[in-house]
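A quick write-up on the structure given underneath.
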Amino acid sequence: MAHTHVIPISVLGKRNVNAHLLLGRRPVLVDTGVPGSGTKILRRIAEHGVDPGDLAAIVVTHAHIDHFGSAAELHAATGAPIVAHVADAGQYAAGRIREPYLPTGRFGRVLDRLPAFHVEAEPFVPQLLVDGPTGLHDFGVEARIVPTPGHTAGSISVLTDTGDLVAGDLVAGSFLGVLARRPANPPFHDDPVGNLASLQAMLALNPTALHVGHGGPLNPDRVRRWAVAEQRRLERLAKRGRMRSRADESAVSSAGS
Ligand SMILES: [Zn+2]
Ligand SMILES: [Zn+2]
């Protein structure tokens, strides 16, 4: 059985926006950067000996513009099927994120004002929509997709059989990866409590490293310590009635309708 390696593919900045290349019997790409990143990503994966036509699949971790932005372009260029979770399918079909973003802190509130975070992507319909754990053996890598909802409803992670976790925006390097190895929240979470539960569930599987969309890779023990502090912070916010979550907002809007 071929060992599956995880290779970060820097899309913007040093490691500010990442995709990841899984190399097993065949190559699989996880995430696709912002719109217009296709050529750059194909060039980067070619540096690792991957011919674009050999790509077995394009896994999209969630419907934020810096992850699904070039999925349609890369699918057209390579023919590889797009694999994503059904709960974010509406956003993929629209080519737009679910508005508004729910910032996790001051940094997110600043980024929310930047037009770059609200641009449209070329819409697409994933060739494979998953709604539960899904093995990727048939795509040539010894890994599986695990739903990790919270950051968005349709967020997924990819866990290799040797314990590398490609985690999307489940957690991030601080300030969109500027402090690459320091665990932090990404700028936005639809449901912070749900996301933390997903992160804790993944940590319980003892990953060897967390490969994230911004910065990283992150050390699991460091992420564990951060998650304990984050849990306390969320409990304090809830106590003060200051927790914002997409779940609450839909409850409010359905109660009002
Ligand atoms: Zn995101
Ligand atoms: Zn992101």
Side-chain angles (χ1 to χ4, degrees), residues 8-20 29-37 40-41 58-71 74 82 84-85 87-92 94-105 107-121 126 145-158 165-196 198-199 202 210-218 223 230 244-247:
I9 301 291
S10 175
V11 183
L12 283 181
K14 199 162 170 235
R15 283 203 172 179
N16 300 112
V17 174
N18 304 317
H20 289 90
L29 180 70
V30 181
D31 282 333
T32 67
V34 296
S37 309
K40 187 192 252 183
I41 290 173
I58 299 164
V59 176
V60 177
T61 61
H62 65 285
H64 277 162
I65 202 70
D66 47 327
H67 298 259
F68 80 94
S70 297
L74 284 163
I82 301 172
H85 195 281
D88 279 359
Q91 281 67 54
Y92 301 134
R96 300 195 64 103
I97 64 125
R98 185 181 278 121
E99 296 275 3
Y101 282 116
L102 298 188
T104 50
F107 185 57
R109 287 193 289 277
V110 171
L111 296 184
D112 186 25
R113 289 189 216 117
L114 303 179
F117 283 83
H118 300 272
V119 295
E120 288 184 38
I145 288 173
V146 186
T148 45
H151 179 63
T152 66
S155 285
I156 53 177
S157 298
V158 178
L165 181 68
V166 184
D169 284 353
L170 194 55
V171 59
S174 289
F175 301 107
L176 273 188
V178 171
L179 301 174
R181 306 279 181 154
R182 192 176 92 177
N185 276 315
F188 318 106
H189 278 320
D190 280 352
D191 173 8
V193 172
N195 182 78
L196 187 61
S198 288
L199 176 62
M202 295 312 290
L210 284 85
H211 306 270
V212 291
H214 311 286
L218 301 176
V223 175
E230 175 64 3
R244 269 188 91 198
S245 139
R246 183 85 61 194

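We count ligands from 1, going down the list as the structure has it; atoms in each ligand are counted the same way.
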Original post:
Do the non-hydrogen side-chain atoms of L111 and L176 ever get within less than 4.5 Å of each other?
Top reply: yes
Original post:
Taking the six-membered ring where the residue is Trp, are the ring centres of H118 and Y101 under 6.0 Å apart?
Top reply: yes
Original post:
So do N16 and V178 actually touch side chain to side chain, heavy atoms under 4.5 Å?
Top reply: yes
Subject >> Name, closest N/O/S atom of H67 to the Zn ion (ligand 2) >> reply: NE2
Original post:
Can a donor-acceptor pair be found between the side chains of H20 and D31 at a distance below 3.5 Å?
Top reply: no
Original post:
Does a sphere of radius 6.0 Å around CZ in F107 hold more than 12 heavy atoms from other residues, nucleotides or ligands, not counting ones at 6.0 Å or beyond?
Top reply: yes
Original post:
Can you tell me if D169 has an N, O or S atom under 2.8 Å away from the Zn ion (ligand 1)?
Top reply: yes
**OP:** Specify which N/O/S atom of D66 comes nearest to the Zn ion (ligand 2), by atom name.
**Re:** OD2
Subject >> the Zn ion (ligand 2) to nearest N/O/S of H62 below 2.8 Å >> reply: no
Subject >> Metal site angle (apex the Zn ion (ligand 1)), NE2 from H151 and ND1 from H64, 10 degrees >> reply: 90°
